[in-house]
Amino acid sequence: METGLTIQQVAKLTGLSIDTLRYYERIGLLEPVGRVQNGHRRYTQHDLAWIDLLIRLRNTGMPRAQMVRFAQLRRQGAATATERRIILEEHQRSLEQRVQAMEQHMAALQQKIARIKEVEAQRDAASHAVHTFEQSEASVSAGDPETKKL
């Protein structure tokens, strides 16, 4: 009985393409994936956990070369734990800086949106005043007895 997930199943679960999974294995981001008798890859839960981390590192902007270096160190075991931690801490600092910059961009956009809403409200108020004035002028010219008293 075959165990593990096929490359198609892993692609569906992770959102990565089959080509990307093969590429990650070829460049050393993934360790060689186990295979069954017919040569088809079978991914383990351990592989999936590692792929999840790779996706997170990629999605947070870690350069591919740094990801490959991290993967190489991981394969070397516990002796490289400090170096791997330092890589992740540097990436974390970089990510924190980008998040802070994004928050500043968000605040600027919120201020701009608020100013535009103020302009819209002033425009709408002016438009309402003109419309009300035009209605009262129309009433006067139509001979409205209420407006003739004014």
Side-chain angles (χ1 to χ4, degrees), residues 3-34 40-76 80-150:
T3 60
L5 299 171
T6 66
I7 196 167
Q8 292 87 359
Q9 291 169 321
V10 172
K12 186 175 181 179
L13 284 171
T14 64
L16 297 177
S17 70
I18 291 170
D19 288 338
T20 298
L21 290 166
R22 288 178 178 143
Y23 173 71
Y24 278 10
E25 189 175 351
R26 190 170 57 252
I27 66 171
L29 280 176
L30 289 174
E31 294 180 31
V33 177
H40 294 168
R41 290 171 174 84
R42 288 295 184 263
Y43 293 82
T44 65
Q45 289 303 315
H46 181 73
D47 293 327
L48 286 178
W50 175 244
I51 291 168
D52 181 63
L53 178 61
L54 292 175
I55 291 169
R56 290 177 190 280
L57 294 175
R58 183 189 69 184
N59 288 345
T60 56
M62 181 180 275
R64 186 178 308 125
Q66 192 173 13
M67 290 171 61
V68 169
R69 176 69 182 139
F70 187 79
Q72 289 168 341
L73 292 169
R74 177 179 172 258
R75 278 191 288 281
Q76 294 173 25
T80 64
T82 301
E83 193 172 351
R84 286 182 283 141
R85 178 186 48 80
I86 290 169
I87 289 171
L88 292 177
E89 286 174 346
E90 288 172 357
H91 182 63
Q92 180 182 24
R93 278 191 293 279
S94 171
L95 184 57
E96 287 169 347
Q97 290 170 350
R98 290 198 325 264
V99 166
Q100 184 178 21
M102 292 298 258
E103 288 172 348
Q104 291 170 351
H105 297 319
M106 179 66 81
L109 285 173
Q110 289 170 334
Q111 289 175 352
K112 184 64 175 177
I113 290 168
R115 278 187 249 134
I116 290 172
K117 285 181 176 181
E118 288 172 9
V119 168
E120 289 173 328
Q122 291 170 355
R123 178 203 63 205
D124 293 347
S127 174
H128 179 70
V130 167
H131 182 67
T132 303
F133 176 76
E134 289 172 349
Q135 282 182 335
S136 86
E137 286 295 309
S139 295
V140 169
S141 61
D144 184 355
E146 287 299 314
T147 56
K148 287 184 180 178
K149 293 180 188 175
L150 299 174

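In this chain, numbering begins with 1 at the start of the sequence shown.
Residue-environment remark: CD (E120) exceeds the threshold of 12 foreign heavy atoms within 6.0 Å. Enclosure of atom CZ in R64 is not indicated, since only 12 or fewer non-hydrogen atoms of other residues, nucleotides or ligands lie within 6.0 angstrom. Atom CZ of R85 has more than 12 heavy atoms from other residues, nucleotides or ligands within 6.0 Å.
Evaluation of the side chain to side chain donor-acceptor pair (under 3.5 Å) rule for R69 yields E83 as partners, not counting sequence neighbours.
Taking CZ of R41 as the start and OG1 of T6 as the end, the distance is 11.5 Å to the nearest 0.5 Å. The line from CD of Q45 to CG of D52 is 11.0 Å long, rounded to the nearest 0.5 Å. Of the inter-residue distances, the one linking Q110 atom CD with E103 atom CD reads 10.5 Å to the nearest 0.5 angstrom. How far CD of E89 is from OG1 of T82: 9.5 Å, rounded to the nearest 0.5 Å. Summarising the geometry, atom OG1 belonging to T80 is positioned 10.5 Å from atom CD belonging to Q72; distances are rounded to the nearest 0.5 Å. To the nearest 0.5 angstrom, L29 atom CG is 10.0 Å from R58 atom CZ.
Inter-residue side-chain proximity for Y43 and L13 is flagged as unmet; no heavy-atom pair is nearer than 4.5 Å. Using a 4.5 Å cut-off on side-chain heavy atoms (C-beta onward), L73 and I87 make contact. Looking only at side-chain heavy atoms (C-beta outward), L88 and R84 stay at 4.5 Å or farther from each other. Residues L16 and Y24 have side chains in contact (heavy-atom distance under 4.5 Å, counting atoms from C-beta outward). Between T14 and L48, the closest side-chain pair of non-hydrogen atoms falls below 4.5 Å. Contact of the Q66 side chain with the L57 side chain is not registered, since no non-hydrogen atoms from C-beta on lie closer than 4.5 Å.
What you find for A11 and I18 is that their closest heavy atoms are CB-CG1, 3.9 Å. Smallest separation of non-hydrogen atoms from A71 and G28: CB-O, 3.5 Å.
Between the side chain of S127 and the main chain of R123, no donor-acceptor pair closer than 3.5 Å is present.
Tested against E31 for a salt bridge (charged side-chain N to carboxylate O under 4.0 Å, His left out), the candidates R74, R26, R75 yield a single pass: R74.
Counted by atom type alone, T60 and H91 present one or more donor-acceptor pairs between their side chains at under 3.5 Å. Between the side chains of T44 and D47, at least one donor N or O lies within less than 3.5 Å of an accepting N or O.
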